[in-house]
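As structure tokens, the structure follows; a few thoughts come after it.
The sequence lines fix the lettering, A, B, ..., with proteins before strands; numbering per chain opens at 1. Keep in mind that what you see is a predicted model, and the values were worked out from it rather than measured.
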Protein chains: 2
Amino acid sequence: MAIEEPDAADLLLRVSRRLLRRVGDRLAPLGVTQAQVRALRALDREHRPVRMGLLAERLDVVPRSATSLIDALAAAGLVRREADPDDRRAVAVSLTPEGRRTLVAVRRVRRQVADELLAPLDRDQRAALRSLLEAVAASGPARAGP
Amino acid sequence: MAIEEPDAADLLLRVSRRLLRRVGDRLAPLGVTQAQVRALRALDREHRPVRMGLLAERLDVVPRSATSLIDALAAAGLVRREADPDDRRAVAVSLTPEGRRTLVAVRRVRRQVADELLAPLDRDQRAALRSLLEAVAASGPARAGP
DNA sequence: TATTGTTATACTCTATAACTATA
DNA sequence: TATAGTTATAGAGTATAACAATA
């Protein structure tokens with residue numbers, strides 16, 4: 001009888017847990033956590049100051065959770081809160097030069113870890129994996145429907 | 001210039017975050033969390049009472065963290081702590097019948113969510129994904145060397 | 001003295017609820 | 001009244017450090 005036949009979901013979780021672990025371990029010296037990196041990346045993608053509400057949406061967290069992330073990043077000098085000129089209730093967040101430098105270092109770490117993790121695959125296999133994951137990622141949002 | 005070309009690691013994280021979210025949402029009604037499920041599964045794989053130290057190792061957490069997980073599972077009646085007859089310092093943990101029933105329900109949920117998530121892929125593509133992930137998973141432990 | 005697990009404590013991430021300032 | 005973000009609080013997960021009981 002088949003004792004263990006891990007399905008794709010099991011393997012996905014196992015591999016990504018490993019990836020998260022390794023990236024997390026190597027992010028520590030940079031003084032940032034993975035969730036914070038996710039926020040930095042989201043800010044970087046916008047190419048302009050981002051409101052808290054939009055940031056929370058991009059990260060798929062509630063606004064309050066974005067506040068915590070930005071608190072930590074601002075304390076570390078990686079982002080800056082500014083007043084939104086159009087709406088005095090709103091807060092616009094942007095990367096500082098230090099935040100950009102950190103992102104560069106983060107990318108280097110991520111690339112290294114990914115290379116190590118995917119070492120068992122050759123070029124074609126990596127391309128195949130990327131295209132399969134792209135197909136999965138492309139469909140639907142993170143949570144069940146509203 | 002290429003604006004965004006997510007690499008395999010990015011996609012892996014994105015997809016698995018989605019998977020974790022959805023599984024987590026549907027696990028809530030069963031009264032267990034993902035980390036607890038991981039512990040239940042680890043216990044189930046052993047087919048006998050498991051010491052805390054071994055469990056922690058299997059889960060790749062420090063022993064203290066295993067204590068927290070088992071506290072919650074024991075309070076929910078899903079596992080039981082017993083004295084180890086051979087070593088009175090040690091504690092042996094085993095699944096209760098209720099714990100086994102919960103695992104059955106958990107497997108159903110996981111399968112459903114995985115099916116939904118992987119819906120964009122056909123049979124062959126899923127098989128390809130599984131085999132690629134297997135190759136990645138098969139090599140090396142979760143953390144950097146000791 | 002070394003090992004097993006636990007108590008004590010702390011930090012990150014995330015969430016809900018209530019509040020403030022503005023619209 | 002509705003919206004944007006925050007303060008207050010809580011729970012899960014994990015970690016380190018100190019300690020108890022036992023080996």
A/R38 near the nucleic acid: base, sugar-phosphate alone, or nothing, with a heavy-atom cut-off under 4.0 Å?
nothing
Within the structure, does a side-chain N or O atom of A/Q36 lie under 4.0 Å from either OP1 or OP2 of C/dC13?
yes
Between B/T96 and B/R100, a side-chain donor and acceptor under 3.5 Å
no
Between C/dT6 and B/R81, is there an OP1 or OP2 to side-chain N/O distance shorter than 4.0 Å?
yes
Touch class at under 4.0 angstrom, heavy-atom based, for B/V61 against every strand present:
sugar-phosphate
D/dG13 OP1/OP2 closer than 4.0 Å to side-chain N/O of B/S65:
no
Starting at atom CG of A/L59, determine the distance to atom P of C/dT14, rounded to an integer number of angstrom.
8 Å
note: B/R17, atom CZ; C/dC13, atom P; distance rounded to Å ~ 11 Å
Closest-nucleotide ordering on DNA chain C, the 5'-leading residue of B/A66 and A/Q34:
B/A66
Atom CE of B/M52 and atom P of D/dT22 are separated, to the nearest Å, by 17 Å
Whether B/D60 and B/R38 form a salt bridge (side-chain N of Lys/Arg under 4.0 Å from carboxylate O of Asp/Glu) is what I want to check.
no
Reckon A/R88 has a side-chain N or O less than 4.0 Å from the OP1 or OP2 of D/dT3?
no
Answer yes or no: is there an ion pair linking B/R130 with A/D10, defined by an N-O contact shorter than 4.0 Å?
no
Which nucleotide wins on minimum distance to the side chain of B/T67, given the candidates C/dT22, C/dC13, C/dG5?
C/dG5
Between P of D/dA20 and CZ of B/R64, the distance in whole Å:
16 Å
Provide, to the nearest angstrom, the distance between the CD atom belonging to A/E57 and the P atom belonging to D/dA4.
11 Å
What is the separation between atom CG on A/L55 and atom P on D/dG5, rounded to the nearest whole Å?
10 Å
Quick one: do B/R111 and A/D7 make a salt bridge, cutoff under 4.0 Å?
no
Nearest-nucleotide check on DNA chain D, A/R89 vs A/P63; residue mapping nearer the 5' end is A/R89
To the nearest angstrom, the CG-P distance between B/D87 and D/dT22 comes to 10 Å
Shortest non-hydrogen separation from B/L73 to B/A39 and the atoms involved
CD1-CB, 3.9 Å
Report the distance from atom CD of B/E82 to atom C1' of C/dG5, rounded to the nearest whole Å.
16 Å
Taking OP1 and OP2 of C/dT12, is either one under 4.0 Å from a side-chain nitrogen or oxygen of A/T33?
no
Using a cut-off of 4.0 Å on non-hydrogen atoms, how would the nucleic acid contact of B/V91 be classed: base, sugar-phosphate, or nothing?
sugar-phosphate
